[in-house]
Amino acid sequence: MVPGLCFGCNAVLYRGEHLLCAFCRNELPLTDFNFRDENPADRLFYGRCRVKKVSAMFYYPENGIVRNLIHHLKYRKQERIGAWLGTWYGQQMQEESNLKNVSMVLPVPLHRKKRRKRGYNQCSRFGKAIADSLGAVYSEKHLVKVNHSRTQTSKDRWKRWKSTEGAYRVRRPMELEGRDILIVDDVLTTGATLEACVHALEPVEDKRLFIAVMTVVP
Ligand SMILES: [Zn+2]
């Protein structure tokens, strides 16, 4: 991708346009979700794990623009897309009274092999920008992905984690105690990955968990 082209439609960007042309920006399928009212993303987690509130910026993939953005973010080394989305979302989050005590932002972790291959976690810049907006700490050290094996996990756990192709663990749970924590991810589909992350944070006492994703599959 040559700089100066729209990530949505490949049109040449005009002065003042950033990453997306004005047309694509207007066509972005924004959800009207917030961190107060119940929305369909919340309902995905009902009865599965304890989360205070879930929200998403866009629907995916209602049109090609969001699909192209996420594709470039994940596979074309365009981390700046994550920074841009995080800055945008972070500004909205500053207005959310339910998020005013969030002091820690954690991305859904990638396994280190995958991270090495990709070169980055596609949620890093997104999460950092949001943490900056909220005056929170951004950490990739507290929630980690580990390989699981049949010998190390019971059958029930194996079943639970099978669909997420891995297990997540919390490190230094004491440092997360008593906090409002925001978990960030790129695409919310079935919620299995985020559910596994929430379960991994079970050892953390007296916490409130929030989830913010770039996109949600309707
Ligand atoms: Zn465009």
Does the side chain of Val137 come within less than 4.5 Å of Val105's, by heavy atoms?
no
I need the Asn68 CG to Phe7 CZ distance, nearest 0.5 Å.
10.0 Å
Which atom pair, heavy atoms only, marks the closest approach of Tyr138 to Gly127?
CD1-C, 3.5 Å
Indicate the atoms forming the closest heavy-atom contact of Leu188 with Phe45, along with that distance.
CD1-CZ, 3.9 Å
More than 12 foreign heavy atoms under 6.0 Å from CZ of Arg48: is that the case here?
yes
So Ser139 and Pro107, do their side chains get closer than 4.5 Å, heavy atoms only?
no
Does the side chain of Glu79 pick up a donor-acceptor pair with the side chain of Ser124 at under 3.5 Å?
no
Is a side-chain N or O of Arg118 found less than 3.5 angstrom from the main chain of Lys74, in a donor-acceptor match?
yes
Do the side chains of Arg125 and Tyr120 get nearer than 4.5 Å, heavy atoms only?
no
Please report the shortest heavy-atom distance between Phe126 and Ala212, naming the atom on each side.
CE2-O, 4.2 Å
Worked verdict on Lys117 versus Lys113 for side chain to side chain contact (heavy atoms under 4.5 Å, CB included):
CA-CA 6 Å; Lys117 197 175 160 207; Lys113 279 183 192 162; over 6 Å; no
I'd like to know whether Leu182 forms a side chain to side chain contact (heavy atoms under 4.5 Å, CB included) with Met104, so could you lay out the CA-CA distance, the side-chain angles of the two residues, the decisive distance to 0.1 Å, and finally the verdict.
CA-CA 6 Å; Leu182 178 70; Met104 193 68 106; over 6 Å; no
Might you confirm whether atom CZ of Arg43 has over 12 heavy atoms from other residues, nucleotides or ligands at distances under 6.0 Å?
yes
State which residues pass ring-ring contact (aromatic ring centres under 6.0 Å, His included) with Tyr46; sequence neighbours excluded, sorted by chain then number.
none
Flag side-chain contact, heavy atom, 4.5 Å: Leu201 against Leu176:
yes
Chi angles and distances behind the side chain to side chain contact (heavy atoms under 4.5 Å, CB included) call for Cys6, Glu17
CA-CA 9 Å; Cys6 172; Glu17 290 176 343; over 6 Å; no
For Ala41 and Val54 the tightest heavy-atom approach is CB-CG1, 3.7 Å
Is there a side-chain contact between Val184 and Leu106, using heavy atoms and a 4.5 Å cut-off?
no
Of the non-hydrogen atoms in Ala83 and Ala129, which two are nearest, and what is the gap between them?
O-CB, 3.9 Å
Arg171 atom CZ: more than 12 heavy-atom contacts under 6.0 Å
no
Does NZ belonging to Lys207 count more than 12 external heavy atoms closer than 6.0 Å?
yes
Output for pair (Ile183 CD1, Ile211 CD1), nearest 0.5 Å, gives 5.0 Å
All N/O donor-acceptor pairs, side-chain side in residues 22-34, below 3.5 Å, sequence neighbours left out:
| residue | atom | partner | partner atom | Å |
| --- | --- | --- | --- | --- |
| Asn26 | ND2 | Ala22 | O | 3.3 |
| Thr31 | OG1 | Phe33 | N | 3.3 |
| Thr31 | OG1 | Ala56 | O | 2.5 |
| Thr31 | OG1 | Met57 | O | 3.4 |
| Asn34 | OD1 | Arg36 | N | 2.7 |
| Asn34 | OD1 | Asp37 | N | 2.7 |
| Asn34 | ND2 | Asp37 | OD2 | 2.9 |

Are any non-hydrogen side-chain atoms of Asp185 and Cys123 less than 4.5 angstrom apart?
yes
Nearest 0.5 Å please: distance from the CG atom of Leu134 over to the CD atom of Glu96.
10.0 Å
Looking only at side chains, do Gln78 and Arg76 share a donor and an acceptor under 3.5 Å apart?
no
Can you name the residues that form a ring-ring contact (aromatic ring centres under 6.0 Å, His included) with His111, not counting sequence neighbours?
none
Heavy-atom donor-acceptor pair, Asp42 side chain to Lys53 backbone, under 3.5 Å:
no
I would like to know whether Phe210 and Val51 meet side chain to side chain contact (heavy atoms under 4.5 Å, CB included); could you show each step before the answer?
CA-CA 6 Å; Phe210 299 84; Val51 181; 5.8 Å; no
Does Leu19 reach the side chain of Ile81, with side-chain heavy atoms less than 4.5 Å apart?
yes
Between Glu140 and Lys145, is the closest basic N to carboxylate O distance under 4.0 Å?
no
To the nearest 0.5 Å, tell me how far Leu99 CG sits from Gln94 CD.
10.5 Å
Between OG of Ser103 and CD1 of Ile181, what distance do you get to the nearest 0.5 Å?
7.0 Å
Note, Leu69 side chain near Leu20 side chain (heavy atom, < 4.5 Å)
yes
Should Leu85 and Leu110 be regarded as members of a common hydrophobic cluster, given that ILVMFWY residues are connected when their side-chain heavy atoms come within less than 4.5 Å of each other, either directly or indirectly?
no
I need the Met214 CE to Tyr89 OH distance, nearest 0.5 Å.
11.0 Å
Taking Gly178's backbone N and O only, do any of them form a donor-acceptor pair with Arg208's side chain (distance below 3.5 Å, no angle check)?
yes
If hydrophobic clusters are built by linking Ile, Leu, Val, Met, Phe, Trp and Tyr wherever their side-chain heavy atoms come under 4.5 Å apart, do Val187 and Trp88 end up in the same one?
yes
